[in-house]
Amino acid sequence: MADYIRANGLYRRDFVATSATVRELKQHDGQRVELQGWVYKLRAKGKLAFLHLRDGSGIVQTIVNKQEVGEEVFARIKTLTQEAAIRLRGTVKLDERAPGGVEVAVDDLEVVSEVEGEYPISLQAHGIDFLLSKRHLWLRSSQQHATLRVRSEVIQAIHDFFYARQFVHVDAPVFTPAACEGTTNLFEVKYFDDTAYLTQSGQLYMEAAAMAHGKVYCFGPTFRAERSKTRRHLTEFWMVEPEMAFAGLDDVMDLAEEFLESIVQRVLERCPEELATLERDTSSLERVKRPFPRVTYDEAVKLLQDQGHEFEWGNDFGAPDETAISAHFDRPVLVHRWPKAIKAFYMRPDPDDERLVLGVDVIAPEGAGEVIGGGERATDLGFLLEQIKLHELPQEAFEWYLDLRRYGSVPHGGFGLGLERLVAWICGREHVREAIPFPRTLYRKEP
RNA sequence: UCCUCGGUAGCUCAAUGGUAGAGUAGGUGGCUGUUAACCACUUGGCUGCAAGUUCGAAUCUUGCCCGAGGAGCCA
């Protein structure tokens with residue numbers, strides 16, 4: 001075939017070559033295809049070269065025979081290095097000797113661009129400092145590639161989940177006049193002659209939107225200027241925050257459960273190759289099916305104490321506590337009814353126990369920690385005014401929020417989910433920084 | 001902010017007071033089925049910065065810079 005094409009001067013770009021992507025290559029068995037991408041790995045022997053091509057959809061082994069492509073092209077191939085950009089044409093063959101069971105016998109190849117010097121990220125092990133400084137290139141590595149594909153699938157699944165349930169997508173502002181919850185440190189920015197802050201949560205705005213639309217959610221970046229330095233923290237991260245009017249704590253817990261099940265099962269169904277690339281043991285993900293265990297804060301404290309952990313009622317759980325609690329269960333666990341003092345000012349008090357509020361956290365298994373926090377919101381105007389004083393928040397900044405209680409207040413609630421924590425858990429990544437394209441952490445804002 | 005660990009070749013690391021080394025990447029040559037290919041040869045260094053101790057410092061001391069893990073706080 002290639003000889004015929006060359007002999008007749010026909011082997012130009014489009015001749016009998018269907019453009020294809022690596023991911024769908026098995027459907028083109030026996031056909032001549034055109035692929036374009038980057039050199040992932042090259043093993044050139046005397047008269048035979050194995051060139052692994054990465055095209056964004058996957059990686060495939062191509063085989064270049066000196067006799068097939070001629071001296072000139074073969075010599076050119078031997079000068080290529082990792083990440084050179086190329087376009088090639090050849091015949092797809094199913095072959096057991098090739099990784100992935102399919103390969104392309106190349107008959108023509110052109111170089112789109114060569115690599116200047118050497119590519120910094122070799123196939124050997126690298127340290128995290130180096131990789132993060134080369135994040136713009138690290139994105140090309142197969143596990144990072146797979147992680148961001150899963151992130152994309154998760155984001156799509158989130159929108160589909162809410163769309164199917166008649167939630168309205170409402171964007172929250174990024175510039176805010178004051179702290180939403182008054183607890184964490186915010187990033188301050190100049191706002192003309194005034195000061196504004198980058199949002200730490202869209203929740204209060206979602207409460208307003210829920211009174212307009214019934215069921216709403218926002219999905220956007222949030223910012224925390226905390227000096228946290230752990231594998232669970234970023235200064236900029238993405239959060240999904242649904243909010244429902246006429247909903248109580250049980251409705252919020254039901255939604256959280258259905259939501260997590262739906263997202264995880266969707267990734268299992270649509271991203272098996274990515275999870276395999278990530279060497280993720282999927283058995284724990286397969287167990288993410290309703291119903292999830294639900295324990296009260298009191299019961300969780302008892303679990304810890306029975307295990308011999310020193311833990312005082314009234315404290316918040318630290319990361320080791322969360323891991324110890326989740327170790328009792330084989331799927332995410334909902335912890336509800338928390339001490340009032342450690343939760344946000346807007347939480348609704350538990351009518352059965354005034355020390356508690358109707359909040360819920362969802363702790364993911366395998367040490368992934370808290371992925372969801374939420375609950376039922378306080379509706380009583382007098383109570384909220386007290387809380388604002390108690391937390392030393394500026395009441396003027398919350399007048400609009402208090403209006404929601406003045407004009408047709410109804411029971412309502414919702415939760416916030418940290419996207420990177422969810423993606424890191426699903427992907428089995430140790431650190432959330434791999435679950436976002438360009439992580440922003442305490443000591444790193446580049447690239 | 002606090003605690004712990006680290007910084008040596010492009011990268012990953014070794015060298016515990018006495019000539020700075022290996023693997024890998026890069027370069028050259030060989031090889032028609034490689035799978036982290038292999039074989040031979042080869043380029044590559046202000047040991048994070050500054051001062052000190054010492055005949056002699058990558059190594060010991062002090063200070064600083066940079067990064068990582070964790071705590072607190074949170075998603």
Side-chain angles (χ1 to χ4, degrees), chain A residues 40-52 59-68 74 78-83 93 95-101 103 105 115-134 137-138 180-186 200-203 221-241 256 315-323 342-344 361-364 368-374 415-425 430-433 435-436 441-444 446:
Chain A
Y40 181 69
K41 196 187 299 187
L42 181 67
R43 278 187 288 273
K45 297 159 66 78
K47 295 170 185 167
L48 190 67
F50 295 93
L51 188 161
H52 289 223
I59 295 171
V60 69
Q61 169 167 291
T62 73
I63 176 163
V64 188
N65 191 319
K66 192 175 183 177
Q67 285 179 343
E68 277 290 303
F74 197 80
K78 292 186 99 170
T79 70
L80 293 177
T81 53
Q82 192 187 357
E83 292 303 310
K93 294 191 304 186
D95 191 318
E96 282 185 3
R97 290 171 296 182
E103 67 183 12
V115 170
E116 261 184 56
E118 60 192 69
Y119 185 66
I121 302 182
S122 59
L123 300 175
Q124 274 64 44
H126 293 285
I128 192 63
D129 181 32
F130 176 77
L131 289 170
L132 285 172
S133 72
K134 304 284 182 214
L137 302 176
W138 190 26
C180 292
E181 305 179 4
T183 50
T184 52
N185 294 313
L186 304 186
Q200 64 169 165
S201 162
Q203 188 210 307
T222 49
F223 308 87
R224 306 265 166 107
E226 294 291 346
R227 295 187 173 274
S228 305
K229 259 181 70 68
T230 81
R231 60 192 180 81
R232 300 175 307 283
H233 288 88
L234 297 166
T235 55
E236 176 184 314
F237 64 97
W238 286 65
M239 193 150 65
V240 191
E241 293 171 280
N315 288 336
D316 202 353
F317 300 127
D321 304 319
E322 285 178 353
T323 305
I342 56 172
K343 286 292 176 185
D361 281 5
V362 182
I363 303 172
E370 182 188 346
V371 291
I372 283 180
F415 62 78
L417 170 131
L419 179 67
E420 288 76 17
R421 286 190 182 179
L422 176 64
V423 172
W425 164 50
E430 191 62 14
H431 200 298
V432 289
R433 66 191 159 206
I436 188 168
T441 57
L442 180 51
Y443 294 121
R444 201 181 284 280
E446 281 151 356

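Within every chain, numbering begins at 1; the chains are lettered A, B, ... in the order of the sequence lines, protein sequences first and strands thereafter.
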> Rounding to the closest angstrom, what is the interatomic distance between B:C74 and B:U34 at atom C1'?
Replying inline: 50 Å

>> Rounding to an integer number of Å, can you tell me how far A:Lys229 NZ sits from B:G72 C1'?
In response: 14 Å

> Does any non-hydrogen side-chain atom of A:Arg433 lie less than 4.5 Å from one of A:Leu234?
Replying inline: yes

>> Could you check whether the side chain of A:Thr81 and the base of B:G26 have a donor-acceptor pair of N or O atoms closer than 3.5 Å, going by distance alone?
In response: no

> Which is true for A:Phe237 with a 4.0 Å heavy-atom rule: it touches a base, it touches only sugar-phosphate, or it touches nothing?
Replying inline: base

> When the C1' atoms of B:C65 and B:G10 are considered, how many whole Å apart are they?
Replying inline: 23 Å

> Within the modelled atom types, does a donor on one side and an acceptor on the other bring the side chain of A:Lys41 and the base of B:A36 under 3.5 Å apart?
Replying inline: no

> To the side chain of A:Asn65, which of B:U32, B:C74, B:A71 is closest?
Replying inline: B:U32

> Do other residues, nucleotides or ligands put more than 12 heavy atoms under 6.0 Å from the NZ atom of A:Lys47?
Replying inline: no

> With no hydrogens and no angle check, do the side chains of A:Ser201 and A:Glu241 hold a donor and an acceptor under 3.5 Å apart?
Replying inline: yes

> Does B:C31 have a Watson-Crick or wobble partner in any strand here, with both distances under 3.5 angstrom, and which is it?
Replying inline: none

>> Rounded to the nearest 0.5 Å, what separates atom CG in A:Leu186 from atom CZ in A:Phe223?
In response: 11.0 Å

> What is the nucleic acid contact for A:Leu417, judged by heavy atoms within less than 4.0 Å: base, sugar-phosphate only, or nothing?
Replying inline: nothing

> If you take all heavy atoms of A:Trp138 and A:Leu132, which pair is closest and at what distance?
Replying inline: CZ3-CD2, 3.9 Å

> Do we see A:Tyr443 stacking on the base of B:G67, given a limit of 5.5 Å between centres and 30° between planes?
Replying inline: no

> Using the C1' atom in both, what is the distance from B:G23 to B:A9, to the nearest Å?
Replying inline: 12 Å

> How far, in whole Å, is B:U62 from B:A25 if one measures between their C1' atoms?
Replying inline: 38 Å

> A:His431 side chain N/O closer than 4.0 Å to the phosphate oxygens (OP1, OP2) of B:G69?
Replying inline: yes

> Could you give the CG-to-C1' distance, from A:Leu131 to B:G10, as a whole number of Å?
Replying inline: 13 Å

> Using atom C1' of each nucleotide, how far apart are B:C39 and B:G17 to the nearest Å?
Replying inline: 40 Å

>> I want to verify a distance call: between B:A68, B:A75, B:G10, whose nearest atom is closest to the A:His233 side chain?
In response: B:A75

> With both distances kept under 3.5 Å, what pairs with B:C49, Watson-Crick or G-U wobble?
Replying inline: B:G63

>> From the set B:C74, B:G70, B:C11, return the single nucleotide nearest to any side-chain atom of A:Arg224.
In response: B:C74

>> At 4.0 Å (heavy atoms only), tell me whether A:Gly127 reaches a base, stays on the sugar-phosphate, or touches nothing.
In response: sugar-phosphate

>> Using atom P in both nucleotides, what's the gap between B:C3 and B:G63 to the nearest angstrom?
In response: 13 Å

>> If you assign each of A:Phe130 and A:Lys47 to its closest nucleotide in RNA chain B, which residue comes earlier from the 5' end?
In response: A:Phe130

> How many Å lie between CG on A:Asp129 and C1' on B:C5, as a whole number?
Replying inline: 14 Å

> Rounded to the Å, how far apart are A:Phe50 CZ and B:C31 C1'?
Replying inline: 12 Å

> Does A:Arg43 CZ have over 12 foreign heavy atoms under 6.0 Å away?
Replying inline: yes

> Heavy-atom distance under 4.5 Å between the side chains of A:Glu226 and A:Asn185, does that happen here?
Replying inline: yes

> Of the nucleotides B:G72, B:G33, B:A68, which has the atom closest to the A:Ala98 side chain?
Replying inline: B:G33

> Which heavy-atom pair separates A:Gln82 from A:Ser122 by the least distance, and what is that distance?
Replying inline: OE1-CA, 3.8 Å

> Touch check for A:Leu123, heavy atoms < 4.0 angstrom, all strands: base, sugar-phosphate only, or nothing?
Replying inline: nothing

>> Give me the distance, rounded to whole Å, that separates B:C2 from B:G56 when you measure between the P atoms they each carry.
In response: 37 Å

>> Could you identify the nucleotide paired to B:C2, looking across every strand shown and requiring Watson-Crick or G-U wobble geometry with both distances under 3.5 Å?
In response: B:G70

> In the strands shown, is B:G56 matched to any nucleotide by a Watson-Crick or G-U wobble pair with both distances under 3.5 Å, and which?
Replying inline: none

> Between B:A75, B:U32, B:G10, which nucleotide has the shortest distance from any of its atoms to the side chain of A:Ser122?
Replying inline: B:G10

> So how far is it from A:Phe50 CZ to A:Lys41 NZ, rounded to the nearest 0.5 Å?
Replying inline: 12.0 Å

> To the nearest angstrom, how far is A:Tyr119 atom OH from B:G10 atom C1'?
Replying inline: 13 Å

>> If you compare every side-chain N and O of A:Arg227 against the phosphate oxygens of B:G70 (OP1, OP2), does one of them come in below 4.0 Å?
In response: no

> Can you tell me how far P of B:C31 sits from NZ of A:Lys78, to the nearest Å?
Replying inline: 7 Å

> Relative to the 5' end of RNA chain B, which residue comes earlier, A:Thr441 or A:Val432, by the nucleotide with the nearest heavy atom?
Replying inline: A:Thr441

>> Once you apply a heavy-atom cut-off of 4.0 Å, does A:Gln61 come out as touching a base, just sugar-phosphate, or nothing?
In response: base

>> When you measure only distances, ignoring hydrogens and angles, does the side chain of A:Ser228 come within 3.5 Å of the base of B:C74 through a donor and an acceptor?
In response: no

> For A:Glu118 and B:G26, what is the distance between atoms CD and P respectively, to the nearest whole Å?
Replying inline: 7 Å

> Base, sugar-phosphate, or nothing for A:Asp316, non-hydrogen atoms under 4.0 angstrom?
Replying inline: sugar-phosphate

> Contact class for A:Pro99 (heavy atom, under 4.0 Å): base, sugar-phosphate, or nothing?
Replying inline: base

> Which nucleotide in the list B:A75, B:G33, B:A68 gets nearest to the side chain of A:Met239?
Replying inline: B:A75

>> Students often get this wrong, so: under 4.0 angstrom with heavy atoms, is A:Arg231 touching a base, only sugar-phosphate, or nothing?
In response: sugar-phosphate

>> Once you apply a heavy-atom cut-off of 4.0 Å, does A:Ala49 come out as touching a base, just sugar-phosphate, or nothing?
In response: nothing

>> Between C1' on B:G26 and CD1 on A:Ile121, what's the gap in Å once rounded to a whole number?
In response: 16 Å

>> Under 4.0 Å from OP1 or OP2 of B:A68: is there any side-chain N or O of A:Arg444 that close?
In response: yes

> Of the non-hydrogen atoms in A:Ala424 and A:Ala435, which two are nearest, and what is the gap between them?
Replying inline: N-CB, 3.9 Å

> If you look at every strand shown and take non-hydrogen atoms under 4.0 Å, does A:Ala44 touch a base, only sugar-phosphate, or nothing?
Replying inline: base

> What integer number of Å spans the P atoms of B:C38 and B:U16?
Replying inline: 30 Å

>> Only pairs with both distances under 3.5 Å count, Watson-Crick or wobble alike; so what is the partner of B:A75 in this structure?
In response: none

> Hey, does A:Ile372 reach any base, or is it just sugar-phosphate, or nothing, if we go heavy atoms under 4.0 Å?
Replying inline: sugar-phosphate

> Hey, is the side chain of A:Glu103 pairing donor to acceptor with the base of B:G33 inside 3.5 Å?
Replying inline: yes

